[in-house]
Amino acid sequence: MEYKLKDTLSKDAFRYGYLVNKVFPFVKPHMARIILNMILAVPLGLLDSVVAYSLKPYMDCVINGRTFTIGNYSIEQNTLAIIIPFGIVLFALVQGLLKYTNNYLTDWTGNKISNSLKVDLFKKLTSLDPKFYDINSSGLVLTRFFTDPETASKNIINTIKSFIMSIFGITGLVAVLLFNSWKLAIIGVGVMAIAITPVTLIRKKIKKVSNATMVVGGDMTTNFNETFAGNKIMTAYNLQKLQNNKFEEQIKTQFNLTISLTKRVGWMSPIMYFICSIGIALVMFYGNHLIISGQMTAGSFASFVTSLLLLYKPVKDLGRTLTDLQTTFVALGRVFELFDLVPYITNKKDAVKLEGLNNCIDFENVCFEYENNVPVLKNFSLHINKSETIALVGNSGGGKSTTVNLLPRFYDIKSGEIKFDGINIKEFELNSLRDNISFVFQDNFLFSGTIKENILMGKQNATEEEIQNVIKMAHLDEFLNTLENGIDTFVGERGASLSGGQRQRVAIARAMIKNAPIVILDEATSALDNESEAIVQKALDNLMQNKTVFVIAHRLSTIKNADRIAVINEGELVELGTHEELMSIPNGNYKHLYDMQFKTQETVA
């Protein structure tokens, strides 16, 4: 299945059997409560028919003075006048208790199923490759992975329960109608059937609007995320009006979609009322004839009319429930499309564990492209010895970051091989491969939590001695001492409460405590001022000790300290050597870069 979440119209939205089979594993652990819930829905649906039926003996026996008999037993008028009202109150009490229990079980099971779906979908989300995050907006991902499971799972039990209540409510009331007069029942039920026909005509419209609303909701969430993350850019460039206008357009689109559905669904209720009123008029007209001709008692007629009026509610509820059920299945269809997403990068069968780097890393004729037929690396070959520091330089977009991102298999190459000690990295277990590589980026991401928690992400079972050691080596101690809570200070979302240099040192400490044999530094000091860079560089020097290091940098000091420099232009290795060797090449690429970018730095230094 494609990673791009563009096809929001689930092809499985109407495959009810398929979707039920898919959701059943999430429902199965709670089947006992669900079955009890559905059993309780049966008497809840039937109780209205009991109240409607009670009007027959009340009218015939209590009001008109006839004797009420059940088999060989008869009940006097005065006794019946007491029993029926109190019986109705008792039934109402029972109905209230059943409804409370039913609603509790519905919410409990619905939330349990929803939580299970969300947990499994989050696991799916964390298993996907960086490519998935590259091509999908955060708003769309949040909607598909969070909102849809909520709609699908929490509503499914409630919808099925409502369906059962409506069916048994209709069954009980129709039984009362038939018992009182099968002739009038044919008229009443026939007209009612005609009244609910429009419900079947809006299924596709509901599906279309549901998906369109989901897309707009995703765009709105993306807008919120971008406004939050890019608030400084928005303020600096006075983009508030632009962002406001964009959000207003999204709100307007969402409103139009909602009203579009309302216009199509809203006319059903008046039409149903009108058709039902015709049915009631016909029943009253014909019922009057039956009473006068002695074919029906006044009590039977009152019971019949009450049943017919009460029948309207479960019939209307059934129509709404069928609409809700379709919405639920549309959401379920989208949810299980996500479960069908398969990571492109997986462990090979019989993959082996990587136990560190012994000799070298080799790129052999590597070709790579993010998009088909748009090559980023072209027959790229490079040999790196263990414990060597190699700097990658070159034009922007030339493939430097791509080269290092291929080592932990963030992406897989199109052709060629990448080898550790002569073994293709695809032979290694992904977890063990990535355990052997540490990353320090230009803009390191810190998770919400404490500084200590962020450091321990490099090694969750690290000892206190190891933690204190990396704090010193990453030069964290000098600023931790200025914080009231020290290493237990909360850093805020994305580490917003720390300066750029402080965030870098926390990230370096995280990489240090991991103690991986391969270290990748991707523009690790380019965004820092000179003072911060000097401190961070000391921390990086400690991190790089006895490691195989890949450095992408724009600072001459970092590059000159490398054992070798690889010059990458347009996805090809064009030069390789030490600073002195590359500077001696007449009209060389590195010499040109030096004259354009680095010479000024050396003069300033």
Side-chain angles (χ1 to χ4, degrees), residues 357 360-370 374-407 413 416-419 437 439-443 504 518-530 533-534 536-538 540-541 543-545 547-605:
L357 184 69
C360 61
I361 298 172
D362 287 290
F363 290 80
E364 297 181 357
N365 300 313
V366 170
C367 293
F368 174 77
E369 52 191 38
Y370 291 104
V374 184
V376 178
L377 293 181
K378 311 164 190 173
N379 295 313
F380 180 85
S381 295
L382 180 63
H383 175 84
I384 305 99
N385 293 312
K386 180 183 177 182
S387 301
E388 182 179 15
T389 296
I390 189 154
L392 305 180
V393 301
N395 64 308
S396 180
K400 304 184 296 296
S401 293
T402 297
T403 301
V404 296
N405 283 337
L406 296 177
L407 289 171
I413 61 179
E417 289 186 297
I418 301 174
K419 296 179 178 179
I437 303 172
F439 258 98
V440 180
F441 299 97
Q442 175 184 345
D443 183 17
Q504 288 297 79
I518 301 166
V519 174
I520 295 172
L521 308 177
D522 192 350
E523 310 275 12
T525 61
S526 64
L528 304 178
D529 56 52
N530 290 334
E533 183 191 359
V536 169
Q537 190 59 56
K538 291 178 184 178
L540 288 173
D541 290 340
L543 172 65
M544 294 162 63
Q545 288 178 16
K547 301 289 192 294
T548 305
V549 183
F550 292 80
V551 181
I552 299 173
H554 289 304
R555 300 293 174 100
L556 180 65
S557 57
T558 306
I559 295 167
K560 288 180 72 174
N561 290 335
D563 296 315
R564 287 187 298 160
I565 301 166
V567 184
I568 304 173
N569 276 347
E570 304 298 333
E572 298 180 307
L573 180 65
V574 293
E575 290 174 0
L576 181 65
T578 64
H579 171 73
E580 291 75 17
E581 290 170 346
L582 297 180
M583 286 296 293
S584 66
I585 301 174
N587 301 317
N589 284 271
Y590 180 76
K591 191 173 188 303
H592 178 70
L593 277 172
Y594 173 82
D595 291 336
M596 295 291 292
Q597 295 182 34
F598 305 141
K599 195 171 186 178
T600 305
Q601 295 177 25
E602 190 170 50
T603 303
V604 171

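Proximity of a side-chain donor or acceptor of Thr548 to a complementary backbone N or O of Ser387 within less than 3.5 Å is detected.
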Side chain to side chain contact (heavy atoms under 4.5 Å, CB included) between Leu382 and Leu576, worked out: CA-CA 9 Å; Leu382 180 63; Leu576 181 65; 3.8 Å; yes
For the pair Val393 and Leu593, evaluate side chain to side chain contact (heavy atoms under 4.5 Å, CB included) and give the outcome as yes or no after the intermediate values. CA-CA 9 Å; Val393 301; Leu593 277 172; 4.1 Å; yes
For side chain to side chain contact (heavy atoms under 4.5 Å, CB included), just list the numbers for Val440 and Asp522, CA-CA rounded to whole Å, side-chain angles, deciding distance to a tenth of an Å, and then say yes or no. CA-CA 6 Å; Val440 180; Asp522 192 350; over 6 Å; no
Yes or no on side chain to side chain contact (heavy atoms under 4.5 Å, CB included) for Val567 and Leu573, after CA distance, side-chain angles and deciding distance? CA-CA 6 Å; Val567 184; Leu573 180 65; 5.7 Å; no
Side chain to side chain donor-acceptor pair (under 3.5 Å) between Asn589 and Asn569, worked out: CA-CA 9 Å; Asn589 284 271; Asn569 276 347; 2.9 Å; yes
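His579 and Tyr590 share a donor-acceptor pair across their side chains, judged by distance under 3.5 Å alone.
For the pair Ile390 and Asp563, the minimum side-chain heavy-atom distance is 4.5 Å or more. At a threshold of 4.5 Å between non-hydrogen side-chain atoms, the residues Ile418 and Leu407 count as touching. By the 4.5 Å heavy-atom criterion applied to side chains, Thr389 and Met544 are counted as neighbours. The side-chain heavy atoms of Ile559 and Val551, taken from C-beta on, include no pair separated by under 4.5 Å. At least one side-chain heavy atom of Phe550 sits less than 4.5 Å from a side-chain heavy atom of Ile518. Counting heavy atoms from C-beta outward, Asn395 and Glu570 have side chains that approach closer than 4.5 Å. Side-chain contact check for Tyr594 versus Met583: some heavy-atom pair is nearer than 4.5 Å.
Judged as a salt bridge (Lys or Arg N to Asp or Glu O under 4.0 Å), the pairs with a partner in residues 377-391 (not counting sequence neighbours) are, in order, Glu388-Arg564.
Of all heavy-atom pairs between Leu582 and Glu575, the closest is CD2-CB, 3.8 Å. Heavy-atom minimum distance, Lys400 versus Leu392: CD-O, 3.5 Å. Residues Val366 and Ile413 approach most closely at CG1-CG2, 3.5 Å, considering heavy atoms.
Taken to the nearest 0.5 Å, the CG atom of Asn385 stands 9.5 Å off from the CG atom of Leu357. Interatomic distance, Leu377 CG to Leu406 CG, rounded to the nearest 0.5 Å: 6.0 Å.
For Thr402, the side-chain hydrogen bond (donor to acceptor under 3.5 Å, both in side chains) partners at least two apart in sequence or on another chain are Tyr370.
Ring centroids of Phe363 and His383 are separated by 6.0 Å or more, keeping the two rings apart.
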